[in-house]
Student: 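Would you mind keeping the following structure in view while I ask a few things?
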Number of protein chains: 2
Amino acid sequence: MPDAYYLQLTEQLRYLITQHAAEWEGKLPSERALAERFSTTRVTLRQALAQLEGEGLIHRSNRRGWFISPARLMYDPTRDAGFNDYVRAQGRQPRTAVLKLETRPHLPAARALGLADNQPFHHIRRRRYVDDRAVLAESLWVVPECAPELLTIYTGQSLWGLLRERWGHHLANRSIHMVSEALSPMDAEELFVAPGTAGLNICRAILDEQRCPIEYDEEHWLHDSLCICVELSGQQ
Amino acid sequence: MPDAYYLQLTEQLRYLITQHAAEWEGKLPSERALAERFSTTRVTLRQALAQLEGEGLIHRSNRRGWFISPARLMYDPTRDAGFNDYVRAQGRQPRTAVLKLETRPHLPAARALGLADNQPFHHIRRRRYVDDRAVLAESLWVVPECAPELLTIYTGQSLWGLLRERWGHHLANRSIHMVSEALSPMDAEELFVAPGTAGLNICRAILDEQRCPIEYDEEHWLHDSLCICVELSGQQ
DNA sequence: TCCCGGCTTTGGTATAGACCAGAAGTCTGC
DNA sequence: GCAGACTTCTGGTCTATACCAAAGCCGGGA
């Protein structure tokens, strides 16, 4: 139906992928092999692959090749279930790597929480995996008074769980922003993907029941790795 | 800092755009002119433009050229404020074009609302504009019993307003799914953009307070045109 | 057995050109 | 003055080729 060759290629690849998913064990043949099979150049072939990448059907890992993307993770950013819990609840294997622990100011966090520009925060930078695929790079910015010794005790567990159980905070008010983005060189490197890969940016500002600021976090997801789901009951 | 030339180009273009936004009146010079200015080929230049497109800084319209993207629309899919209301509330000009009115079954709607596969729906297809830019193609699938003469009276107004005021429905339960996508050829054509342009797909299933199915809708947004915002109070 | 170095393959980047169809501007003839 | 035809310009698509750096494989030596 579509006239452009690369769009026909896209359809043929889509079919090939569904047919050979098992046989290929998730990894596509090399670009050169595919280009030859379809009697075209790598440039055109890559246009077709980029289409499928945009749809979330396939993704690439560094210089290792193209891979079939696993099912999207269902994720409700309005709930405070821990990452580990809801990943496991979907039959997947979660993993977290802590990349950095420090204390310093961060303007977006200060602005979002209504604090002074030079307000310092406990900063946790971590990378999270689903079934050994790095899908999320995130930064957490915690108001130090709310969790004084956080950086000395933190080892990758659920932050919200800690805030609730150890410091008794009630994460009552949340302001959530989501935008699509192109991953920055830093985020891309931390997720082992090419710079400019499509991502989803989720930011949360969290205050307690007295609207006292507790925490701000910035999440950078690979765009094909999640489906955001929100369930609401009762008229807003 | 980045070594790849197209990434340096990206930065230079980003700077150029902020400098000349007013002078250019929102439209960039032609690809050929830019490629010549930077002593490179259109292919490489287009790689840099694609980066900025991914970030949402610029977009293209059909074969007319590249344009600087306006600020993102703030949008809360959990509220039922009409499109016209919240667009105007942000000082922008909304517009709606009705593309199709028909009655027929639609499998995703039936599945999402828990109805039989062959359940017919009143279908409204419309395109929505912000400041004369088409940013949203959407399909609404309404259970006919909930709004019998809908198709004969509908002329582009707020559907949720109609459901509430004319038929007295209480849109109490909502299940919302959001995923990034590549726009299908049909959606892309309706929004006057190239096939495969990045988009954001939002689907809602809506039931009343007795969990009786009322409506299902599928929204396809240009990815750079909105920021999803959700405000929550009280522990979930 | 295991580590290390070299070779091969891979994707990432870039050049130089070409043709097409649609959009937009221009010019002509009524 | 205006509608319609023509020309120009634009992005969209495609070919053919090349080099690089990183990843991964393989084989040899400790």
Side-chain angles (χ1 to χ4, degrees), chain A residues 1-13 24-54 58-68 134 182-183 185 188-189 191-198, chain B residues 1-13 24-54 58-68 132 134 182-183 185 188-198:
Chain A
M1 221 258 285
D3 42 353
Y5 183 49
Y6 83 94
L7 287 175
Q8 299 174 34
L9 252 188
T10 304
E11 294 315 309
Q12 295 184 43
L13 282 170
W24 289 343
E25 295 179 344
K27 183 179 188 309
L28 271 63
S30 76
E31 293 181 359
R32 286 172 176 82
L34 287 172
E36 190 176 5
R37 179 190 309 211
F38 291 105
S39 305
T40 184
T41 53
R42 275 180 66 209
V43 180
T44 302
L45 189 266
R46 279 169 66 89
Q47 247 188 303
L49 291 173
Q51 288 286 318
L52 297 173
E53 185 185 31
I58 59 177
H59 65 274
R60 49 189 145 165
S61 171
N62 228 340
R63 286 165 190 270
R64 302 194 305 116
W66 292 88
F67 297 83
I68 301 174
L183 293 178
E189 192 185 336
L191 294 176
F192 314 114
V193 297
T197 298
Chain B
M1 221 259 283
D3 42 352
Y5 183 50
Y6 83 94
L7 288 175
Q8 299 174 33
L9 252 187
T10 304
E11 294 315 308
Q12 294 183 43
L13 283 170
W24 289 343
E25 294 179 345
K27 184 180 187 308
L28 271 64
S30 76
E31 293 181 359
R32 286 172 176 82
L34 287 173
E36 191 176 2
R37 179 191 307 213
F38 292 104
S39 305
T40 185
T41 53
R42 276 181 66 208
V43 179
T44 302
L45 189 266
R46 280 169 65 88
Q47 249 187 300
L49 291 173
Q51 288 287 319
L52 297 174
E53 186 185 31
I58 59 176
H59 65 274
R60 50 191 145 166
S61 171
N62 228 340
R63 286 163 193 272
R64 302 195 303 117
W66 291 88
F67 297 83
I68 300 174
D132 284 323
L183 293 177
E189 192 184 336
E190 289 189 355
L191 293 176
F192 315 115
V193 297
T197 297

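Chain letters run A, B, ... following the sequence lines, proteins first and then strands; every chain starts at 1. The shown structure was predicted, so the numbers you read here are calculated from the model rather than taken from an experiment.
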Student: For A:Arg64 and C:dG11, is the shortest distance between a side-chain N/O and OP1 or OP2 below 4.0 Å?
Tutor: no
Student: So does A:Arg64 get a backbone contact from the side chain of A:Ser61, meaning a donor-acceptor N/O pair under 3.5 Å?
Tutor: no
Student: Please report, rounded to the nearest Å, how far the C1' atom of C:dT13 is from the CG atom of B:Leu45.
Tutor: 15 Å
Student: Atom CZ of A:Arg37 and atom CG of A:Leu13: how far apart are they, to the nearest 0.5 Å?
Tutor: 9.0 Å
Student: So, does B:Thr10 use its side chain to make a donor-acceptor pair with the main chain of B:Tyr6 at under 3.5 Å?
Tutor: yes
Student: Distance check needed: C:dA23 P versus B:Lys27 NZ, whole Å only.
Tutor: 14 Å
Student: What are the atom names and distances for every N/O pair under 3.5 Å that joins the protein to nucleotides 4-9 of chain C?
Tutor:
none

Student: Considering only heavy atoms of chain A and a distance under 4.0 Å, specify the first and last nucleotide of DNA chain D in 5' to 3' order that meet this criterion.
Tutor: D:dT13 to D:dG24
Student: In whole angstrom, what separates A:Trp66's CH2 from C:dG12's C1'?
Tutor: 11 Å
Student: Going from OG1 on A:Thr197 to CZ on A:Arg60, what distance comes out if it is rounded to the nearest 0.5 angstrom?
Tutor: 6.0 Å
Student: Could you give the distance from OG1 (B:Thr41) to CZ (B:Arg46), rounded to the nearest 0.5 Å?
Tutor: 11.0 Å
Student: Tell me: CG of B:Leu9 to P of C:dT13, nearest whole Å?
Tutor: 13 Å
Student: Below 3.5 Å between N/O atoms, which protein atoms pair up with nucleotides 15-19 of chain C? Just atom names and distances, please.
Tutor:
from	atom 1	to	atom 2	distance (Å)
C:dT15	OP2	B:Thr40	OG1	2.6
C:dT15	OP2	B:Thr41	OG1	3.4
C:dT15	OP2	B:Thr44	OG1	2.9

Student: How many angstroms lie between CD in A:Gln51 and CD in A:Glu11, if you round to the nearest 0.5 Å?
Tutor: 9.0 Å
Student: Hey, what do you get for CG (B:Leu52) to CD (B:Gln47), rounding to the nearest 0.5 Å?
Tutor: 12.0 Å
Student: Using heavy atoms to find the nearest nucleotide of DNA chain D for A:Gln47 and A:Asn62 separately, return the residue whose nucleotide is more 5′.
Tutor: A:Gln47
Student: First locate atom NE2 of A:His59, then atom CD of A:Glu53, and finally report the distance between them rounded to the nearest 0.5 Å.
Tutor: 9.5 Å
Student: Looking only at atom types and distance, does a side-chain atom of B:Thr44 sit under 3.5 Å from a main-chain N or O of B:Thr40, one as donor and one as acceptor?
Tutor: no
Student: How about B:Ile58 and B:Phe67: do any of their side-chain heavy atoms sit closer than 4.5 Å?
Tutor: no
Student: Taking CD in A:Gln12 as the centre, count heavy atoms belonging to other residues, nucleotides or ligands within less than 6.0 Å. Is the count above 12?
Tutor: yes
